[in-house]
Engineer: 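Take this structure, written in structure tokens, and hold onto it; I'll ask about it next.
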Amino acid sequence: QVQLVESGGGLVQAGGSLRLSCAASGRAFSNYAMGWFRQAPGKERDFVAAISASGTLTSYTDSVKGRFTISRDNAKITMYLRMNSLKPEDTAVYYCAAVQRRIPSDQQGEYDYWGQGTQVTVSS
């Protein structure tokens, strides 16, 4: 069992930056691939970024490539999402998720554990 808690969301102006954190509890965090997803108002939840269990492999949705960076610190059992050059269209509730596998996945149906979400609002 893994519990996930996101933090770091907030209100920021367009062009600004935020760093989200996802703190995990439970055993063997380093055996879990992790991902970030987001859900904008009135829209479905979409994939943002994912990272392998070791942290060596990452993947991103096209709209955030070059602006967002996913990382993890297995010693601190925490995952991060650094978001730069934020745009109003990045406004959403951001969720972290975990799956017990080595390779990252962009398919939310493959994730077993989810956090409660953190709100990110980007003003124009």
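No experiment lies behind these values; they were computed from the predicted model shown.
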Engineer: Which value, rounded to the nearest 0.5 Å, describes the distance between R102 atom CZ and S52 atom OG?
Structural biologist: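 These two atoms lie 9.0 Å from each other.
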Engineer: Which pair of heavy atoms, one from K43 and one from Q39, lies closest together, and at what distance?
Structural biologist: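 In terms of heavy atoms, the two residues are closest at O-NE2, 3.0 Å.
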Engineer: Please answer: with hydrophobic residues joined when any side-chain heavy atoms are less than 4.5 Å apart, are Y95 and V120 in the same cluster?
Structural biologist: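 Cluster IDs for Y95 and V120 differ.
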Engineer: Would you give the length of the straight line joining atom OH of Y80 to atom SG of C22, rounded to the nearest 0.5 angstrom?
Structural biologist: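 If I round to the nearest 0.5 Å, the distance is 10.5 Å.
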Engineer: Hydrophobic clustering (ILVMFWY, side-chain heavy atoms < 4.5 Å, transitive) - are I77 and V99 grouped together?
Structural biologist: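 The answer is no; the residues belong to distinct hydrophobic clusters.
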Engineer: Using the salt bridge (Lys or Arg N to Asp or Glu O under 4.0 Å) rule, collect all pairs that involve residues 87-97, keeping only residues at least two apart or in two chains.
Structural biologist: R38-D90, R67-D90
Engineer: When rounded to the nearest 0.5 angstrom, what is the spacing between CE in M34 and CE in M79?
Structural biologist: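 Going from CE on M34 over to CE on M79, the span is 4.0 Å.
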Engineer: Measure the spacing between OG of S21 and CD of E6 and express it to the nearest 0.5 Å.
Structural biologist: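 One finds 10.0 Å between OG of S21 and CD of E6.
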Engineer: Tell me if the centroids of the rings in F47 and Y60 come within less than 6.0 Å of each other.
Structural biologist: no
Engineer: Among I51, V48, L20, exactly one meets side-chain contact (heavy atoms from CB on, under 4.5 Å) together with I70. Which residue is that?
Structural biologist: I51
Engineer: Checking Q108 against R45 for the side-chain contact (heavy atoms from CB on, under 4.5 Å) test, could you report, in this order, the C-alpha distance in whole Å, the side-chain angles of both residues, the deciding distance, and whether it holds?
Structural biologist: CA-CA 9 Å; Q108 57 183 302; R45 188 164 57 187; 2.9 Å; yes
Engineer: If only atom types and distance count, is the side chain of D112 paired as donor or acceptor with the main-chain N or O of Q1 below 3.5 Å?
Structural biologist: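 No, because the side chain of D112 does not come within donor-acceptor range (under 3.5 Å) of the backbone of Q1.
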Engineer: Starting at CG of D46, measure out to OG1 of T61 and round the result to the nearest 0.5 Å.
Structural biologist: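 Here the interatomic distance stands at 7.5 Å.
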Engineer: Would you say S17 and N84 are linked by a side-chain donor-acceptor pair, where the criterion is simply a distance under 3.5 Å?
Structural biologist: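 Yes - a donor-acceptor pair under 3.5 Å links their side chains.
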Engineer: Taking the six-membered ring of F29 as reference, does the cationic atom of R72 (NZ for Lys, CZ for Arg) lie under 6.0 Å from its centre and within 45° of its axis?
Structural biologist: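 Cation-pi check for R72 and F29: passes.
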Engineer: Would the distance check show the side chain of T78 and the main-chain N or O of K76 forming a donor-acceptor pair, the cut-off being under 3.5 Å?
Structural biologist: yes
Engineer: With distance as the sole test, does T91 use its side chain to make a donor-acceptor pair with the main-chain N or O of V122 at under 3.5 Å?
Structural biologist: yes
Engineer: If you measure from CE on M83 to CG on L18, what distance do you get to the nearest 0.5 Å?
Structural biologist: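 Those atoms lie 4.5 Å apart.
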Engineer: Does NZ or CZ of R101 come closer than 6.0 Å to the centre of the six-membered ring of Y32, within 45° of the ring's axis?
Structural biologist: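 No - R101 does not lie over the ring of Y32 by the 6.0 Å and 45° rule.
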Engineer: Taking ILVMFWY side chains as joined if any heavy atoms are under 4.5 angstrom apart, and letting links pass through other members, which residues group with V5?
Structural biologist: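 Noted: V5 shares its cluster with no other residue.
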Engineer: Please verify the inter-ring angle class for Y111 with F37; under 30° counts as parallel, over 60° as perpendicular, anything in between as tilted.
Structural biologist: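 Rings of Y111 and F37: perpendicular, over 60°.
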Engineer: Can you find a side-chain donor-acceptor pair between Q13 and S123 that sits under 3.5 Å?
Structural biologist: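 The criterion, which ignores hydrogens and geometry beyond distance, is not satisfied for S123 and Q13.
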Engineer: Within a strict 4.5 Å, meaning less than it, do heavy atoms of the V12 and T121 side chains meet?
Structural biologist: no
Engineer: For a ring-ring contact (aromatic ring centres under 6.0 Å, His included) check, start with the C-alpha distance between F68 and W36, then their side-chain angles and the critical distance, and finish with the verdict.
Structural biologist: CA-CA 11 Å; F68 290 11; W36 287 100; 9.9 Å; no
Engineer: Following the transitive rule for hydrophobic clusters with a side-chain heavy-atom cut-off under 4.5 Å over Ile, Leu, Val, Met, Phe, Trp and Tyr, establish whether V93 and Y113 coincide in one cluster.
Structural biologist: no
Engineer: Is there a side-chain contact (heavy atoms from CB on, under 4.5 Å) between T69 and L81 once you walk through the steps?
Structural biologist: CA-CA 6 Å; T69 302; L81 184 68; over 6 Å; no
Engineer: Looking at every non-hydrogen atom in both residues, tell me the closest pair between A14 and S124 and how far apart they are.
Structural biologist: CB-CA, 4.4 Å
Engineer: Show the nearest heavy-atom pair for residues A40 and A92, with the distance to one decimal.
Structural biologist: N-CB, 3.8 Å
Engineer: Do you know which two heavy atoms are closest between N31 and A53, and how far apart they sit?
Structural biologist: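 Heavy atoms of N31 and A53 come nearest at C-CB, 3.9 Å.
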